[in-house]
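One structure is given below, encoded as structure tokens.
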Number of protein chains: 2
Amino acid sequence: MKFTNSEENYLKSIFHLQMQQGNVSTNTLAATLKAKPASITDMTKKLNAKKLLHYKPYYGFYLSTEGRKAALEIIRRHRLWEAFLAEKLEFQWDDVHEIAEELEHISSKKLIDKLDAYLGFPKFDPHGDPIPDNKGKIKEPRKISLLQMQTDVPCIVCQVGNDSAELLELLKHKKISIGSKLSVKKRFEYDHSLEIKINQSLITISNQLAKNVFVTYES
Amino acid sequence: MKFTNSEENYLKSIFHLQMQQGNVSTNTLAATLKAKPASITDMTKKLNAKKLLHYKPYYGFYLSTEGRKAALEIIRRHRLWEAFLAEKLEFQWDDVHEIAEELEHISSKKLIDKLDAYLGFPKFDPHGDPIPDNKGKIKEPRKISLLQMQTDVPCIVCQVGNDSAELLELLKHKKISIGSKLSVKKRFEYDHSLEIKINQSLITISNQLAKNVFVTYES
DNA sequence: TTTTATTTTTAGACAAAACTAAAAATTTTT
DNA sequence: AAAAATTTTTAGTTTTGTCTAAAAATAAAA
Ligand SMILES: [Mn+2]
Ligand SMILES: [Mn+2]
Ligand SMILES: [Mn+2]
Ligand SMILES: [Mn+2]
């Protein structure tokens, strides 16, 4: 699918914010894009209609699988161009970002794959950020502790914090294992415990346990 | 000064039309830009207000000194990117134009001058068209259309009339490219087609094609 | 020199992407 | 639980670039 420059900038910013915090709010996105909140709502509705993100009025939004895929393509283009500017054209590393902001919107797949090959398939951009490959895969596996995971986003357990018998026993008892699909439903401020939905039922997880369960977004 | 993509496309097209004919008319520009005449009038008035062209309602228009300077910068960017795509990224010559149509709008002067240096300050793009230097100077080659070329004189293809996909496809099929050595062997009065010798074989070329193939004498 | 055809311009509409100002929903504080 | 503060959305405008349909100007034909 082909997007406008503006749509692409939104997708990219939402992706980045999502990496840091969980759910993205209208105001934070407005701040990073240097736009007014009203403009964010407008575009958010448009991206929602295109099924690029999940949006519930007043409760923020997060990218859909589609949207995440698109964002990764844009990030790939951005970082490959940054690599080109720095390595081939001898730009300083603090000088490449602005130009890459424009180059990233040129969407020819052939162009980007050829550029990638020309640069020798670099894994990182000049700032050390990983460059997604042509399948959208990033070198570093993207894992988040359940504590960081935003609510209501389906995700998959991919790693546990350690191999202690006690931890594994508890996980086994709660029927959580690598590959389990779940989503965080609620957080309690009192003891920082979470309620998660797994296997069609709601269960409670302590803060200590959540800290040691790592998930990735559903692919 | 900074222009919108649309303004730049208009400036470029007007420049090219001006090279062929003299004054540019609303309808011809509409045809080359694949837009409606009403749109041309709108943009023409805007460019006139910005003093980029001289415009007299109902009597066509032509670029001002300012406008010509801007057009040459865009053409410089376009052709440098085409050179980059062909030489560094190994694109075919009939495959570079479309992508350069987008790249040409990235206006960083530093980027273009660095790209120019990286390519070794090329004088011609993959289609044999001259690349303006960073002062806007073009080095015009001494060239003759195949139509004007006398028979049995060896010559070298140095330029094609335009970058249209259809023209390039036909040239590719006939194995004619920049640098090809050939000589005109025969002309036919009936349809003004020619027979030329190229790669040790005789092939037929239509009048329309010959008009758009330019050659220089062998040096 | 009228009439007809063509070209060009105007008038009005539309979509995209932004904005301001005001209303509505949510969150926080009292 | 009510009031105040904050966040988010809606409503209405603006700019850019395009379009269609109709009017006006110019060019060509009769
Ligand atoms: Mn950008
Ligand atoms: Mn970077
Ligand atoms: Mn263009
Ligand atoms: Mn060219």
Side-chain angles (χ1 to χ4, degrees), chain A residues 1-14 17-18 21-62 67 70 74 101-102 104-105 107 150-152 186-190, chain B residues 1-14 17-18 21-62 67 70 74 101-102 104-105 107:
Chain A
M1 206 174 294
K2 188 71 164 46
F3 307 107
T4 66
N5 283 17
S6 191
E7 287 170 334
E8 293 194 339
N9 287 336
Y10 273 74
L11 289 173
K12 190 158 60 91
S13 288
I14 295 169
L17 286 174
Q18 229 173 231
Q21 344 153 9
N23 241 22
V24 180
S25 77
T26 302
N27 266 4
T28 16
L29 185 53
T32 62
L33 283 174
K34 278 162 191 163
K36 303 297 166 189
S39 309
I40 305 299
T41 302
D42 284 348
M43 181 60 92
T44 296
K45 282 152 88 175
K46 196 199 293 187
L47 295 176
N48 180 61
K50 290 192 180 187
K51 295 194 198 298
L52 293 166
L53 50 75
H54 300 287
Y55 165 56
K56 196 177 152 198
Y58 289 100
Y59 286 91
F61 35 86
Y62 61 94
I74 301 155
E101 274 302 316
E102 298 189 55
E104 72 188 359
H105 301 295
S107 59
Q150 59 264 49
T151 52
D152 283 314
K186 217 159 173 21
R187 283 161 207 284
F188 299 96
E189 275 307 306
Y190 176 67
Chain B
M1 202 173 297
K2 187 74 162 49
F3 308 107
T4 66
N5 284 16
S6 192
E7 286 171 335
E8 292 193 341
N9 287 335
Y10 274 74
L11 289 172
K12 190 160 58 91
S13 287
I14 295 168
L17 287 174
Q18 232 174 228
Q21 344 153 14
N23 241 25
V24 180
S25 77
T26 302
N27 266 5
T28 20
L29 185 53
T32 61
L33 283 174
K34 278 159 192 164
K36 303 297 164 188
S39 309
I40 305 299
T41 301
D42 285 347
M43 181 59 91
T44 296
K45 282 153 88 174
K46 196 197 293 185
L47 295 176
N48 181 60
K50 289 193 179 185
K51 297 193 196 297
L52 293 166
L53 51 74
H54 300 288
Y55 164 55
K56 197 177 153 196
Y58 289 100
Y59 287 91
F61 36 87
Y62 61 96
I74 301 155
E101 273 301 317
E102 298 190 55
E104 71 189 358
H105 301 295
S107 59

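Please read these numbers as outputs of a predicted model, since none were measured by experiment. Chain A is the first sequence line, chain B the second, and so forth, proteins listed ahead of strands; every chain is numbered from 1.
The number of heavy-atom neighbours closer than 6.0 Å to OH of Y62(B), taken from other residues, nucleotides and ligands shown, is 12 or below.
Whole-Å rounding puts the K36(A) NZ to dT20(C) P distance at 5 Å. Atom CG of N23(A) and atom P of dT27(C) are 12 Å apart (whole Å). Between M43(B) atom CE and dT15(D) atom P there is a gap of 16 Å when expressed in whole angstrom units. Taking atom CD1 on I40(B) and atom P on dT8(C), their separation rounds to 11 Å, with Å as the unit. Protein atom NZ of K45(A) is 10 Å distant from nucleotide atom C1' of dA11(D), rounded to whole Å. One can place CG of L29(B) at 11 Å from P of dT18(D), the figure rounded to the nearest angstrom. Distance CG (N5(B)) to C1' (dT18(D)): 15 Å, rounded to an integer number of Å. When rounded to the nearest whole Å, the span between CZ of F3(A) and P of dA16(C) equals 15 Å.
Within the structure, a side-chain polar atom (N or O) of T26(A) is placed less than 4.0 Å from OP1 or OP2 of dT9(D). Close to dT6(C), at under 4.0 Å from its OP1 or OP2, lies no side-chain N or O of Y58(B). Listed pair N27(A) / dT6(D) fails the phosphate criterion, with no side-chain N or O lying under 4.0 Å from OP1 or OP2. Residue T41(B) places at least one side-chain N or O closer than 4.0 Å to OP1 or OP2 of dT9(C).
Q150(A) is listed as a side-chain neighbour of Q18(A), based on a closest heavy-atom distance under 4.5 Å. Here the side chains of F61(B) and L29(B) are in contact, with some heavy-atom distance below 4.5 Å. Side-chain atoms of T44(B) and L53(B), non-hydrogen and from C-beta on, do get closer than 4.5 Å to each other.
Here P57(A) lies in heavy-atom contact (under 4.0 Å) with sugar-phosphate atoms only. When heavy atoms are screened at a 4.0 angstrom cut-off, S6(A) is found touching the sugar-phosphate backbone but no base atom. F61(B) comes within contact range of no nucleotide atom at all, as no heavy-atom separation falls under 4.0 Å.
In the set dC19(D), dA18(C), dT20(C), dC19(D) carries the atom at the smallest distance from any side-chain atom of D42(B). Considering only side-chain atoms of Y55(A), the nucleotide from dA18(C), dT7(C), dT9(D) that sits closest is dT9(D). Comparing dT9(C), dT8(D), dT18(D) by their closest approach to the side chain of Y10(B) singles out dT18(D). Closest contact between the side chain of A38(A) and the listed nucleotides dC19(D), dA21(C), dA16(C) involves dA21(C).
A distance of 11.0 Å separates CG in N23(B) from CG in L17(B), rounded to the nearest 0.5 Å.
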